[in-house]
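Letters A, B, ... mirror the listed sequences (proteins, then strands); counts begin at 1.
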2 protein chains.
Amino acid sequence: MDLNERKLKILHAIVSDFIHSAEPIGSRTLSRKYSMGISPATIRNEMSDLEEMGFLTHPYTSAGRVPSSKAYRLYVNDLMKRYELSDGEKKTIEDKLTNGLAEFDRTIEHAAKLLSEMTNLISFAITPKQEEDKLKYINLIPVDENTVVLMIVAESGKVSNTALKLKVPYNEERLSFLAKVMTYNYRGKTISNIMTMDIIKDFESDMEALSQLAGSIMPKFMNTLEGMMDVELYLDGLTNIFAIPEYNDIERAKLILEMFNRKQAFTDLLINRDSGMIITIGDENSDKVLQDCSLITATYRINGKLIGKLGVIGPTRMKYDEITSVIEYMTDNLSTAYELTGGEEDE
Amino acid sequence: MDLNERKLKILHAIVSDFIHSAEPIGSRTLSRKYSMGISPATIRNEMSDLEEMGFLTHPYTSAGRVPSSKAYRLYVNDLMKRYELSDGEKKTIEDKLTNGLAEFDRTIEHAAKLLSEMTNLISFAITPKQEEDKLKYINLIPVDENTVVLMIVAESGKVSNTALKLKVPYNEERLSFLAKVMTYNYRGKTISNIMTMDIIKDFESDMEALSQLAGSIMPKFMNTLEGMMDVELYLDGLTNIFAIPEYNDIERAKLILEMFNRKQAFTDLLINRDSGMIITIGDENSDKVLQDCSLITATYRINGKLIGKLGVIGPTRMKYDEITSVIEYMTDNLSTAYELTGGEEDE
DNA sequence: ATTAGCACTCACTTGGATAGAGTGCTAACA
DNA sequence: TGTTAGCACTCTATCCAAGTGAGTGCTAAT
């Protein structure tokens, strides 16, 4: 059996219609609505073929046809037209993603929010894996008699501080010296690299007082690095789920929302996806909860290296054309807005 | 009509029963279940009186009775017994709230999470209003040729940084001098205080180069202060809503969850509540969405001054005794765990 | 190859009929 | 006079049967 022109046309009509209506469509309605010059009976024959080929399914004997994952896949790969964003949409994205240049994490949060608003789906974004980030600068700043702030700046521009309560006596020069030694030792090293080093040892040979100071600071230093590596997950538009007929069943909505509660697992799922625009449709998803959802993720890059992800989750019946365009435009904007000095593409 | 002993006993039984079962209860069931030595008919008479007094309602003619807000109010104020936390529960709370002493916001986030886990309700927490917080220390740290990190430490222990890209040329001494001047000028002042000052003017009279540097840093300084004042809202246990029969209706669940989406409005609602343990039941809430919910909030204090809030939201039918005990224990722990040096009670 | 016609299928809606939990009233009882 | 048993009544929830309508699949005609 062949996927001829007419079959493709019918399949295209069914998919587009179902994406908008969420209702199974029958031969008669299809013929009337899309005036394609052939009778319902002919359409029925073609539909029957398409079903045999695995592109359509039947909820029950006498219901209309519904596209399968395979149909959506064909639609996404070959049938759908590229959706061009309007100037207004482009402007909205540019404005929202480029104003608060200082705080990167906030921008990512805003990106997720904007994405859910524009698509009416659940959106998510993760910050780049910071383990590839390199340290640039370390400082220890005395605040009062027993409080010191440990400050770490990474090449990506990420800054982290921790207030430490020290029991060991210290003075400003010693702190400043220790900070300089730490900066000297770790500058240019990646966080994950440092995590595997035996850093306590690095400070053993130095003078007694410094060694003691270092001994009480280093564990906190490691903790802070660990915290800096953490990938942050931002979710938005969770309540959009209630506007989607597929999830009007409370059990299903619950399953989906509970998946987002297991943040670590979901973050891992995202991290493990390939880079670029990845669409997985229905049963293409290995996760059981996602079997009747589609997941779209795209990557943004900072200096071509640090890679974060942005995407949406929704019913398999979603406006792939619009959504992919929106996501693409957003990731492009994120990547360029945060382009810093230097940094070669390495992939 | 008088609220005699027996009426109170019956009311108590109805409220307790309904809190656990969520089902209207009839005279016969009540009489059997709570073996109170009087016949269903007598109970019916008393119930009828209680209904006339506004403590009970009737979903329809031949259904059992359901407590009104007024009944819950009486129950909370006079009838319910104090719930004593088990040692295990106490330990859980202490452990989770006192380990990561360094990061205050994280602790608040954990508190919200723990609270929703222990109560199976939706929980929330807001960080203290930082506008009463005083500045302690300001520093400007050069990172590379065009990047400087502005670091602000407040008395509460809160630290904030922003990476600034400067176009104005600078050197380390000048930066350090400016930081010292800023610290001298603003130390001990509250954030909201500084926000109202004309700080650009403060640096006009100094030497030209410094004035220029200050001019490019001050706007960012103000932005950062503004950010430090923001009250952060943490929500947790949103999916618990699905386990509550009252919200099995998808429309209701949606209303509630959407309220949490309007974060600013909800934060304001919380901030405006009185301090101490405040319980508002059903129609005691002015917010329309909350008319059939109960809202419990309690305050925690840092140094008796900075006040944050912690609480839960759920159906009017909730285990007030257990929940208030849990919240009380948690706010006590938060307040003592973060008690810093000095600070008089001022309220 | 296409189409009209027709029997058939299945979910959804509508309208009783019935069961069950509970009320409210009345009259009898202690 | 307060308490209780008895009974008619009310209202929801559930079940079932019949009818409706959108749609299919097959067959025979074009």
Do B/T280 and B/R273 pair up side chain to side chain, a donor and an acceptor below 3.5 Å, judged on atom types alone? yes
Integer-rounded Å distance: C/dG22 P and B/D17 CG: 11 Å
Does a side-chain N or O from A/S39 land closer than 4.0 Å to OP1 or OP2 of C/dT3, or not? yes
For nucleotides 27-29 of chain C, which of its nitrogen or oxygen atoms have a protein nitrogen or oxygen under 3.5 Å away, and what is each distance?
none

For the side chain of A/N45, counting heavy atoms from C-beta on, which of D/dT4, C/dT3, C/dT23 is nearest? C/dT3
Under 4.0 Å from any atom of DNA chain C, heavy atoms only: list the residues of residues 60-69 of chain A that qualify, in numerical order. A/Y60, A/T61, A/S62
In this structure, how many angstroms lie between the C1' atom of D/dG23 and the CZ atom of A/R32, rounded? 12 Å
Can you give me the bend angle of the helix from C/dA1-D/dT30 to C/dA30-D/dT1? Use the axis through the first five pairs and the one through the last five, nearest 10 degrees. 20°
Looking at C/dT23, C/dA4, D/dG23, which one has an atom nearest to any side-chain atom of A/A41? C/dA4
In whole angstrom, what separates B/D49's CG from D/dT3's P? 11 Å
Backbone of B/S294 reached by a side-chain donor or acceptor of B/T316 within 3.5 Å: no
Presence of salt bridge, A/K81 and A/D321, under 4.0 angstrom: no
If you compare every side-chain N and O of A/T42 against the phosphate oxygens of C/dT3 (OP1, OP2), does one of them come in below 4.0 Å? yes
With a 4.0 Å cut-off, would you call A/E246 and A/R317 a salt bridge? yes
Between B/S16 and B/Y34, is any side-chain donor less than 3.5 angstrom from a side-chain acceptor? no
For a quick test of reading the model: is some side-chain N or O of B/R6 closer than 4.0 Å to OP1 or OP2 of D/dT3? yes
Assess whether one donor atom and one acceptor atom, taken from the side chain of A/R44 and the base of D/dG25, lie less than 3.5 Å apart. yes
Can we say B/E84 and B/R82 salt-bridge, meaning some charged N sits less than 4.0 Å from an Asp/Glu carboxylate O? yes
Between A/Q291 and A/N285 (side chain of the first, backbone of the second, donor and acceptor by atom type, cut-off under 3.5 Å), is there such a pair? yes
Using distance alone, with no hydrogens and no angle criterion, decide if B/T239 and A/N261 have a side-chain donor and acceptor under 3.5 Å apart. yes
Looking only at the aromatic ring of each residue, does the gap between the centers of A/F266 and A/F260 stay below 6.0 angstrom? yes
Would you indicate, yes or no, if D/dT24 has its OP1 or OP2 atom less than 4.0 angstrom from a side-chain nitrogen or oxygen of A/S48? no
It should be established whether A/T29 places a side-chain nitrogen or oxygen under 4.0 Å from OP1 or OP2 of nucleotide D/dG23. yes
Let me know the distance between CD of B/E5 and P of D/dG2, rounded to the nearest Å. 18 Å
